[in-house]
Each structure stands twice: as structure tokens, then as C-alpha cells.
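Chain naming here is simple, since letters A, B, ... match the order of the sequence lines and numbering starts at 1 in each.
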Amino acid sequence: MNPVEIEEAVSQLALEPFNRGEFPFSFLRAFGNPETTIKRLRTGSTNQSDVGGVLQRSNIHIATCDAGEVETTLGLLRDSPKTAKTKAKFILATDGESFQAEDRTSGETVACDYADFPDHFGFFLPLAGITTVEQIRESSFDIRATGRLNKLYVELLKDNPDWAKAERRPDMNHFMARLIFCFFAEDTDIFVGEGLFTRTVEQMSARDSSDTHAVISEIFRSMDTKIADRQSAGIARYANQFPYVNGQLFSGSTEVPRFTKIARSYLNHIGNLNWKKINPDIFGSMIQAVADDEERGALGMHYTSVPNILKVLNPLFLDDLRGKLEEAGDNGRKLLNLRNRMARIRVFDPACGSGNFLVISYKQMREIEAEINRRRGEPDRRSDIPLTNFRGIELRDFPAEVARLALIIAEFQCDVVYRGQQEALAEFLPLNSENWITCGNALRLDWLSICPPIGTSVKLRSNDLFDTPVTQSEIDFENAGGETYICGNPPYKGSQSQDEEQKSDLERVFSNTDANWKGLDYVSGWFFKAAEFSRFSSADFAFVATNSINQGKAVSSLWPLVLGSDLEIKFAHTSFKWANLASQNAGVTVAITGIANADNKPKTLFSVSESGALEARQVPFINAYLVPGPQMYVEPRSKSLAGLTPMAFGNMPIDGGFLSFTRDEISQSDISSEIRSRYIRKIYGGAEYIRGQSRYCLWANDVEEDELSKQSLFENRLQQVRSFRNASKRDATRALADTPQKFGWIAQDGDEVVMLLPRILSERREYITAGYEPIGTLTTDQAYVLLNAPIWNFSIISSRLHWVWIDTVCGKLKTDLRYSNTLGWNTFPVYQLTENNKSDLKRCAENILIARESHFPSTVADLYDPRIMPEDLRRAHEENDEVLERIYIGRRFRNDTERLEKLFDLYTKMTSKKAAA
DNA sequence: TATCCGACATTAT
DNA sequence: ATAATGTCGGATA
């Protein structure tokens with residue numbers, strides 16, 4: 001269940017008559033517990049309560065009681081030995097009048113009237129497995145509002161099918177934005193009279209809902225008409241009470257979708273919520289799913305947490321502002337300078353979604369400004385920070401609407417908090433008419449015209465930045481000295497999953513470069529455009545992006561263009577999971593990169609330590625791999641830089657799985673042992689090797705198909721391979737359809753001594769786990785192979801030095817290592833090895849293999865699990881490292897940082913020597 | 001020809 | 001259910 005669904009279930013429960021016996025079960029059901037769980041608790045088989053209540057292990061201990069006994073009952077629950085023993089997170093007591101609960105981990109408590117307990121449902125969200133985000137628990141209102149608006153939205157689309165079509169959706173979305181504004185305004189005295197909007201609609205429209213749309217439309221028309229013009233415009237008397245709002249919010253068509261009776265009652269429900277409590281930073285990202293038919297199922301789940309956003313904003317510029325505030329102390333002059341500086345700061349998010357980066361920037365800056373004004377004795381002073389300095393571009397119209405609204409709401413709320421309700425109201429309306437959130441394609445728009453480094457006007461230029469470079473003379477310098485910070489979390493899309501339009505977006509962005517843009521992630525476009533912007537007006541920028549742009553091949557394609565010789569990475573957050581509430585898509589791993597003009601200041605590298613704590617390191621340089629060290633790019637090579645044995649990419653079947661067999665499939669078939677030994681081979685992918693599993697394949701690349709089809713085991717399989725290949729849209733695959741017995745890519749003859757290593761390696765293992773397999777063993781493309789290779793190669797692959805190199809320079813799958821022959825093996829810098837070196841390394845390699853052997857039949861996964869790695873194996877690796885590292889520097893390296901430094905250094909020397917030669 | 005990647009995908013636990 | 005950890009083959013140079 002998502003938070004919205006839980007909120008609805010909890011609210012429903014509170015409306016029903018209180019039933020002492022049923023309440024605990026209904027409560028658990030509302031938090032998404034399946035019927036079977038409830039049943040088991042009800043029959044007592046899993047109910048461990050020792051106070052006559054209901055106790056669900058490691059979750060909650062609930063007891064209902066007689067009127068007036070709540071306090072005492074909660075005490076009983078608190079002291080219950082079972083509560084402690086079963087590690088219950090919460091205790092809850094209620095008599096149907098009053099409601100009390102406690103979070104046993106944090107000690108936080110809830111005490112309220114029974115009828116109001118749904119207001120605290122966020123408190124209990126861990127019961128539904130939702131723990132990721134701390135603030136979500138303070139967002140009960142936002143979740144509730146999202147749920148109600150969603151119901152209204154769906155209901156309206158159902159009855160106004162034409163509004164659901166692509167061309168009218170923007171009207172529908174604009175209408176929703178207007179409604180949200182009205183709900184907020186009527187609860188915050190922006191409209192004079194409590195609940196003015198909801199009340200007026202309720203009173204002036206017919207109960208049968210036939211004219212609801214007309215009444216709302218008239219109210220909207222009124223809000224778009226200046227007071228002086230209302231009489232001539234013939235505004236209805238009831239609509240005349242509404243203020244003139246402007247801000248483009250109510251301009252344009254005032255057409256309103258038709259309401260059913262149900263929709264009219266939903267509207268009333270929504271209006272009766274207390275919109276004062278809205279969190280514009282959270283609400284925006286929750287509500288945006290409403291307008292997206294595909295995302296609606298995950299309503300309230302794709303929520304970006306404030307701490308994650310601050311990981312971008314703090315090091316980008318907020319920390320600096322706070323530092324300056326501290327430095328200024330009570331010095332009025334310095335405080336004034338800081339305030340003047342902040343008044344000119346522009347924050348620009350060219351992928352702003354519903355504006356949460358902008359809203360949070362704005363709120364944080366207002367907080368700093370308020371402190372300045374407090375210290376200067378001007379607490380009521382009007383804010384000098386213009387809302388229009390927070391600019392954004394967003395592709396989808398609804399989030400774009402919501403972003404603007406969220407900023408307006410944030411401004412009002414900040415004014416109320418820092419200056420007071422009266423001052424906030426006095427200057428709120430009419431809204432600024434400029435639309436400073438642009439709905440459009442950020443990769444096609446000219447950022448300089450949307451966020452001009454100078455001046456305040458927003459005018460769209462149709463041409464791209466690179467079609468018509470902006471010349472200095474066009475720039476108006478009236479506000480010289482203002483800083484611009486570009487930030488955001490733009491969309492990521494791997495090179496293979498981009499659609500045609502996205503491809504052409506990138507093509508335009510990179511058209512004037514010789515970049516391999518086809519291989520780049522979609523997000524790269526934002527980095528490149530930000531860098532170009534920065535070169536016009538020195539704006540620092542930082543984005544969240546998939547970590548793959550800082551890995552593997554992408555590094556040498558993208559970063560030389562972004563950084564050039566004038567920009568530098570000023571801070572970075574290495575890979576971490578970008579968590580939101582959607583457990584099912586917890587999967588994306590991101591990094592944050594912040595870029596600024598080169599200077600001599602130290603850079604800050606953030607990373608999450610093993611214990612989960614955030615570490616910040618000051619280093620002289622951060623390179624594009626997000627490791628400390630001078631800028632350098634490792635490019636793929638087709639041959640080893642150091643003369644190592646060639647490493648081949650394994651045999652790729654391209655067979656839909658039909659050339660593979662399990663052990664059982666073979667043993668249960670009727671093939672003769674002769675056919676079997678002639679055509680069936682053992683084959684390894686990474687998984688089979690690491691987990692010690694078996695897999696077999698048909699290996700008969702050059703045998704006639706007719707010959708093979710005589711075997712019933714093969715006949716059907718070959719047909720399936722043929723049709724699988726024919727169904728492909730890749731030419732090369734279809735061309736293979738006529739020879740279904742043949743692998744798509746062949747790396748081996750099949751009779752060499754095979755050393756294989758998996759293409760994907762768990763980040764938990766401390767070494768790269770290559771291994772020898774018997775002659776004739778095959779590998780799939782999930783493993784690399786060295787054929788008939790001298791054993792000292794094994795020593796190199798198995799070394800910590802090599803692990804560090806691969807970890808840094810190759811790609812990743814999530815945070816796991818992804819080995820690459822071209823990027824990792826062929827680029828690995830090694831000194832020329834003497835015969836003595838080679839024989840020393842051979843001995844070390846053999847010792848590793850012997851240590852592994854001594855633990856037969858442990859699998860690689862067992863042996864290299866760092867928690868249980870056998871001592872003798874560990875020692876054999878240590879010795880191997882000792883010998884190899886002496887060849888590099890005559891002693892052991894102190895740590896991985898030192899290893900990498902040496903490797904980078906040697907790589908640079910070896911590549912420049914090659915280039916010179 | 002020869003890979004590199006996945007706002008992932010599927011299997012272990 | 002979450003945690004661990006690697007399929008598969010198309011797109012690309």
C-alpha cells in the first residue's frame with residue numbers, strides 16, 4: 001500500500017463507530033497487513049499480548065480499554081515484558097474517546113482525541129514498511145491532500161473524457177493548480193472569510209451539480225479581473241468577494257470541467273482540509289503523479305527527500321552563505337553586504353519538476369535572511385529575495401504549474417513565519433505576472449534567455465544556445481555581480497533506452513563537439529549545457545545524476561567537454577542510493593557532482609562510510625571518476641598497455657537461452673554418450689562460476705544443422721533459436737538465424753587452458769576472483785577469458801592493486817564492479833616484469849589456488865565473503881600483494897588511495913610515452 | 001569487428 | 001517481504 005491508500009483507510013476507520021474488540025485488527029488492516037496475518041493474530045496463534053490486547057511481533061502492541069483508562073493502559077503496555085521481548089516498535093492504547101501511542105525507538109508520543117488519530121497516521125508509517133524518509137511522518141496533510149485531489153482528478157476525467165485527451169490535459173492541469181491555490185488562499189486569509197471558495201461553491205451551485213462548473217468559472221473570471229473593471233465585466237455578486245490575483249494563474253480560458261454530484265462532494269471534502277499545513281516542498285513532488293496516468297499507482301511514493309536535496313544545495317552555495325553569516329556576527333555592515341548579495345543570487349533548476357530544489361533553496365535563504373534582519377534589528381523588514389530569482393524549466397505542464405504555485409506558497413509561509421500574518425497578507429496580491437517557471441524542453445531551450453545572467457526579464461528565444469551564441473553586447477549589465485547557481489535532478493536515460501526525440505535532443509546539444517554523444521546518458525545534456533552557461537557567466541552548478549556518468553567509458557566521452565581546462569569539480573558525493581518511498585524502485589544509484597571555475601581552494605569529497613555515516617574529505621582535486629586526484633581520463637584500449645596476455649570477451653550465444661541445457665535436461669534426454677561428448681560442453685557465466693553451479697550448451701559451431709537435428713534434444717532447440725533470432729530487430733542477429741547452431745560471438749576454439757573471470761563482481765568482495773577451469777571449458781559473455789595464459793597474469797588479476805584500478809576506472813552495475821577488458825585490463829599499468837618477478841608471482845598465484853582448493857567444495861561466493869573469508873586464503877592474497885607491490889614501489893602501499901595515486905601516475909607516464917613513440 | 005550498459009531484473013534469504 | 005548480486009542482447013564505435 002502507498003501512503004495515500006493508508007491515509008484513506010485510516011481516515012475511514014476513524015469515521016466508523018468504535019468497536020473495542022475489532023479496533024486493533026482494523027487498525028492493522030488499515031496499515032496494509034494482509035487478511036491472513038490478521039486472522040492469525042485474531043485466533044491467537046501469533047498474538048503475544050500479555051495484557052489482553054493485540055501484539056504483532058516487532059511492530060505494535062495495541063490495547064483497547066474502558067473509558068478513562070487510556071493513560072493506565074498505555075503504562076501497562078509500556079511495562080509489559082512481551083512488548084520488550086517481541087521488540088514492538090509502537091504501543092497504542094485507546095478507549096474510543098482518547099488515543100495515545102508511543103514510538104519506543106524514539107520515545108515520541110501521540111496523544112489526541114480518538115477522532116483525530118488519522119492526523120497522526122504518518123507517525124505509524126513504519127508499520128507499513130515505510131521508514132525511508134523522516135519528514136514523511138510530518139507530512140500527513142500532504143499525503144491526505146494528494147489522495148483527495150487524486151480522487152477528484154480521476155472523477156473529473158471520467159466525466160469529461162475530452163479533458164483527458166493530450167491536447168486538453170494542460171487545461172485540466174491548470175484547473176487543478178487554480179483549485180489548489182483557492183484552497184490555500186481560503187485557509188490563510190488571502191481570501192477574506194474562512195473557507196470562502198468552498199463555501200461559495202457549496203452555496204451558489206445547485207445540489208445536483210449541474211452548474212458547479214459555471215460557478216467556479218465565474219469565480220476564476222473574477223480573480224482575473226481588476227477590481228475597477230469588475231462592474232463593466234459583469235462579474236456576479238458572489239464572485240465579487242474574491243480578490244484580483246493575476247500572476248497568470250487565472251488568466252486565459254476560465255472554462256471548467258463539468259462536475260458530477262460525486263465530484264462536487266469531493267471538492268467540498270478537499271476544501272474542508274486545513275490547507276495552512278501544506279509543505280510546498282513535499283506536496284509538489286507528491287501531487288505530480290496525479291496528472292501522470294502511468295505513475296498514479298505510485299501516488300505519494302516518488303518523493304525526493306529534503307536531506308538528499310540539501311546534499312546538492314548545501315555545498316553548492318548554502319554552506320557558504322551560512323559561513324558568511326557566522327563571519328559577519330553582529331557587524332551591521334557585513335550583514336547588509338550579505339543581504340545585498342543574497343538579493344541578487346539566482347537559483348536555476350533546468351529540470352525543476354514540481355520545484356522542490358527551488359522551494360528548498362528559497363526557504364533556506366529566507367531563513368538566513370531572517371537571521372540577518374533579526375541581528376540588524378529589522379525583524380519586520382520585507383524580504384529582499386525576489387521569488388522570480390528562482391527559475392526553472394520543466395517539460396511536463398502540471399509539475400511546472402505546481403512548481404510556481406509551490407514557490408508562491410513558500411513565499412507566503414516564509415512571510416508569515418518571519419514577518420507576521422499581517423505583513424504577509426499586505427503584499428501578497430496581486431501575484432507577480434511574470435512566469436518564471438518555463439514549461440518546455442530544457443535541452444532545446446536557450447538557458448541564457450530563461451535565466452539571463454543579468455536583468456530580470458524572461459523571454460523565450462527560439463534558437464538553441466549553439467545555433468546563435470549570445471554575444472556579450474546583448475547582455476544588459478544593470479544587475480552586475482549577481483551569482484547564478486544551477487542545480488537539480490535531471491532525468492537519466494541510458495544510451496540504449498532513449499527514444500528518438502531524446503536522441504535528437506542530445507544530437508543538438510553536442511552537435512558542435514566531436515563527442516560520442518550516442519553513447520551518453522540523457523542526463524549528460526544537462527551537464528554540457530550547464531558548463532556552456534557557466535562559461536558565459538561563471539555559474540557554479542551541481543546535479544544529481546546516475547553514477548554511471550562518472551564511470552567507465554562515459555568519463556572520457558563526457559567530462560573533457562564539461563570541464564575543459566577552466567572548470568573543476570568543487571565537490572562531489574560518491575555513489576549512494578537515491579531512496580524514495582517506492583520500495584519497488586529503490587534501485588537507482590546516483591552521484592552528485594558540483595562544478596565551478598578552477599581555483600586553488602580545496603575540494604570536498606563526500607561519501608557514505610561503511611557504518612552509514614556521511615564523511616567529508618578535503619582534497620586538492622577531485623577527478624571525473626570522483627576520486628581524489630588530478631584530472632585524467634582512461635580511454636578504452638584494444639591491446640594491453642603493459643604487454644599483458646590478451647583477454648577475450650566470452651562466447652555470446654544470442655540464443656534466447658535455447659542453446660543452454662541444465663544437467664537434468666541432458667541426463668534425462670536420449671542422446672548417446674558419444675553425441676554428448678562430441679557436442680555438449682560445460683559452459684560458465686559469471687554466476688555459475690561464482691556460485692559453483694553447472695550449465696551446459698550445444699557447442700557445434702561448424703557442424704551442419706541437419707546433422708544436429710537428427711537428435712531430438714537439439715531439433716526443437718535449433719528451431720527455437722532460429723525463430724528467436726528472426727524476431728530480433730538487430731540485423732546482425734537476424735543474419736545469424738540461418739545458422740542456429742552457431743554462437744553469436746565466438747571467443748574460443750574450445751580446447752585451450754581457460755582462466756576466466758566474471759564480468760560482474762560483488763562490491764563486497766575484496767579481490768577480483770578469476771579462476772582456472774579444465775581444458776575445453778567454455779565461458780559465456782558473462783565472463784572474460786585468458787587462453788593459455790602464463791599464470792603470473794592470475795597474480796596480477798588477483799591483486800588489490802588491480803581491484804582498485806578496476807573499481808575506479810571501469811563501469812559499475814549499481815555499486816558492483818563491472819570488469820572490462822578494454823577499460824580495465826588493457827589499461828592496467830604494470831612495470832616491465834623480469835623473469836624473476838614472473839616466477840615470484842607464479843608462486844604467489846599457486847598459493848592462492850592451493851588455499852582455495854583446501855576449502856573444497858566451498859564456492860567462490862563462500863570463500864570471498866569478507867565476513868567468513870578463510871585466514872589462509874587471505875594470507876595468500878596478502879603475500880601476493882606484498883610481492884607485486886614491491887615491484888611497484890619497493891614496499892607495501894599504505895592504503896588504496898596511495899595505490900590509485902601510483903597507478904594513475906604510472907598510467908599517465910606509460911600513455912604519454914606510447915603517444916610520443 | 002568487439003564490446004558496455006541498464007531511474008534494472010531476478011534470484012537468494 | 002527485502003537484500004544480494006548478476007541476465008541478456010541491442011546499440012554503438
Side-chain angles (χ1 to χ4, degrees), chain A residues 1 32-34 37 58 128-129 131-132 295 298 301-302 304 351 489-498 503 514-523 544-549 551-555 557 577-580 582-590 635-639 646-658 660 685-691 693 695 724-725 727-734 736 743-747 758-765 780-784 810-826 860-861 864-865:
Chain A
M1 276 171 101
N33 281 288
T37 309
S58 38
T131 51
T132 337
E295 279 210 35
M301 303 294 261
H302 292 281
T304 312
N489 178 15
Y492 333 144
K493 204 93 192 161
S495 64
Q496 297 193 39
S497 45
Q498 291 159 24
K503 280 278 178 224
D514 55 359
N516 296 329
W517 58 269
K518 281 186 177 173
L520 290 175
D521 193 285
Y522 193 49
V523 78
V544 185
T546 166
N547 61 354
S548 66
I549 64 166
Q551 289 159 3
K553 221 162 74 160
V555 175
S557 321
K577 278 182 185 163
W578 188 252
N580 57 34
S583 57
Q584 70 269 25
N585 80 351
V588 58
T589 311
V590 298
E635 305 217 25
R637 306 178 73 92
S638 55
K639 272 189 185 150
M647 182 182 285
F649 189 82
N651 307 288
M652 193 170 189
I654 314 186
D655 62 344
F658 296 115
S660 278
E688 288 82 13
Y689 168 68
I690 286 171
R691 302 202 193 118
Q693 295 157 346
R695 172 170 166 184
F724 171 80
R725 288 180 177 172
S728 168
K729 60 175 179 172
R730 177 181 180 245
D731 293 344
T733 301
R734 282 199 312 281
L736 287 164
F743 268 50
W745 166 253
I746 297 164
R759 206 156 97 181
I760 304 285
L761 301 134
S762 166
E763 62 173 332
R764 294 175 55 240
R765 303 203 259 271
T780 73
D781 53 297
Q782 297 314 311
Y784 288 94
C810 291
K812 292 267 164 78
L813 186 52
K814 289 212 172 211
T815 47
D816 290 335
L817 277 68
R818 188 200 289 272
Y819 200 93
S820 156
N821 52 355
T822 58
L823 281 165
W825 180 247
N826 293 342
V860 173
Y864 284 85
D865 182 332

Problem set entry | Gap between atoms CD1 and C1', on A:Ile654 and C:dT7 respectively (whole Å) | 14 Å
For this session: Calculate the interatomic distance between A:Tyr784 atom OH and B:dT3 atom P; express it in whole Å.
Result: 7 Å
Seminar exercise, completed: d(A:Asp781 CG, A:Met652 CE) to nearest 0.5 Å is 4.5 Å
Exercise. Got A:Thr780 and A:Arg695 here, is their nearest side-chain heavy-atom distance under 4.5 Å?
Worked result: yes
Exercise. With sugar-phosphate meaning primed atoms plus P, OP1 and OP2, does A:Asn826 contact a base, only sugar-phosphate, or nothing at under 4.0 Å between heavy atoms?
Worked result: nothing
Exercise. In whole angstrom, what separates A:Arg637's CZ from B:dT3's P?
Worked result: 14 Å
Problem set entry | Heavy-atom side-chain contact between A:Lys639 and A:Asn826 under 4.5 Å | no
Exercise. Is there a side-chain contact between A:Ser820 and A:Tyr784 (heavy atoms, below 4.5 Å)?
Worked result: yes
Exercise. Are any of the side-chain heavy atoms of A:Tyr522 and A:Thr546 separated by less than 4.5 Å?
Worked result: no
For this session: Just call it for A:Ser548: base, sugar-phosphate, or nothing, with non-hydrogen atoms closer than 4.0 Å on any strand.
Result: sugar-phosphate
For this session: May I ask you to check whether A:Gln498 and A:Lys503 show a side-chain donor-acceptor distance below 3.5 Å?
Result: yes
Seminar exercise, completed: For A:Gly650 and A:Trp745 the tightest heavy-atom approach is O-CD1, 3.0 Å
Problem set entry | Euclidean distance, atom CD of residue A:Glu688 to atom C1' of B:dT10 [Å, nearest integer] | 14 Å
Problem set entry | Closest listed nucleotide, where the reference is the side chain of A:Lys553 and the choices are C:dT12, B:dC5, B:dT3 | B:dC5
For this session: Sticking with atom P, work out how far C:dA4 lies from B:dA7, rounded to a whole angstrom.
Result: 22 Å
For this session: Mind calculating the distance between CD1 (A:Ile549) and C1' (B:dA7) to the nearest angstrom?
Result: 13 Å
Problem set entry | Under 3.5 Å donor-acceptor pair, A:Arg818 side-chain atoms to B:dG6 base atoms | yes
Problem set entry | Shortest side-chain distance from A:Lys518, nucleotide among C:dT12, B:dA7, B:dT3 | C:dT12
Exercise. Just to confirm, is there a sub-4.0 Å distance from OP1 or OP2 of B:dA2 to any side-chain nitrogen or oxygen of A:Lys639?
Worked result: no
Problem set entry | Contact nearer the 5' end of DNA chain B, comparing A:Leu823 with A:Tyr492 | A:Leu823
Problem set entry | Any side-chain heavy-atom pair of A:Thr589 and A:Lys812 under 4.5 Å | no
Seminar exercise, completed: Listed range with range, the stems formed with DNA chain C by at least 3 consecutive Watson-Crick or G-U pairs (under 3.5 Å) are B:1-6 with C:8-13, B:8-13 with C:1-6
For this session: Have a look at A:Pro491 and say if it touches a base, only the backbone sugar-phosphate, or nothing, with a 4.0 Å heavy-atom cut-off.
Result: base
Seminar exercise, completed: Ranking A:Val590 and A:Ser820 by the position along DNA chain B of their nearest nucleotide, the one closer to 5' is A:Ser820
For this session: Could you tell me the separation between the NZ atom of A:Lys812 and the P atom of B:dC4, rounded to a whole number of Å?
Result: 16 Å
Exercise. Reckon A:Gly744 touches a base, only the sugar-phosphate, or nothing at all at heavy-atom distances under 4.0 Å?
Worked result: nothing
Exercise. Reckon A:Thr780 has a side-chain N or O less than 4.0 Å from the OP1 or OP2 of C:dC8?
Worked result: no
For nucleotides 4-6 of chain C, list the nitrogen or oxygen atoms of the protein found under 3.5 Å from its nitrogen or oxygen atoms, one pair per line.
unit_1 : atom_1 : unit_2   : atom_2 : d
C:dT5  : OP2    : A:Arg764 : NH1    : 2.8
C:dG6  : OP2    : A:Arg765 : NH2    : 3.0
C:dG6  : N7     : A:Asp816 : OD2    : 3.4

Exercise. At under 4.0 Å, does any side-chain N or O of A:Thr733 touch on OP1 or OP2 of C:dG9?
Worked result: no
Problem set entry | Closest nucleotide among B:dC5, B:dA12, B:dA2 to the A:Trp745 side chain | B:dA2
Problem set entry | Rounded distance in Å - CZ (A:Arg734) to C1' (C:dA11) | 14 Å
Exercise. How would you label the contact of A:Tyr522 with the nucleic acid (heavy atoms, under 4.0 Å): base, sugar-phosphate, or nothing?
Worked result: nothing
Exercise. Starting at NZ of A:Lys493 and ending at C1' of B:dG6, how long is that distance when rounded to a whole Å?
Worked result: 10 Å
Problem set entry | Taking every non-hydrogen atom, the tightest pair across A:Ile549 and A:Val555 | O-CG2, 3.9 Å
Exercise. If you take all heavy atoms of A:Leu736 and A:Arg725, which pair is closest and at what distance?
Worked result: O-NH1, 3.1 Å
Exercise. Would you say a side-chain N or O of A:Asn821 is under 4.0 Å from OP1 or OP2 of B:dT3?
Worked result: yes
Exercise. Is there a side-chain contact between A:Arg759 and A:Phe649 (heavy atoms, below 4.5 Å)?
Worked result: yes
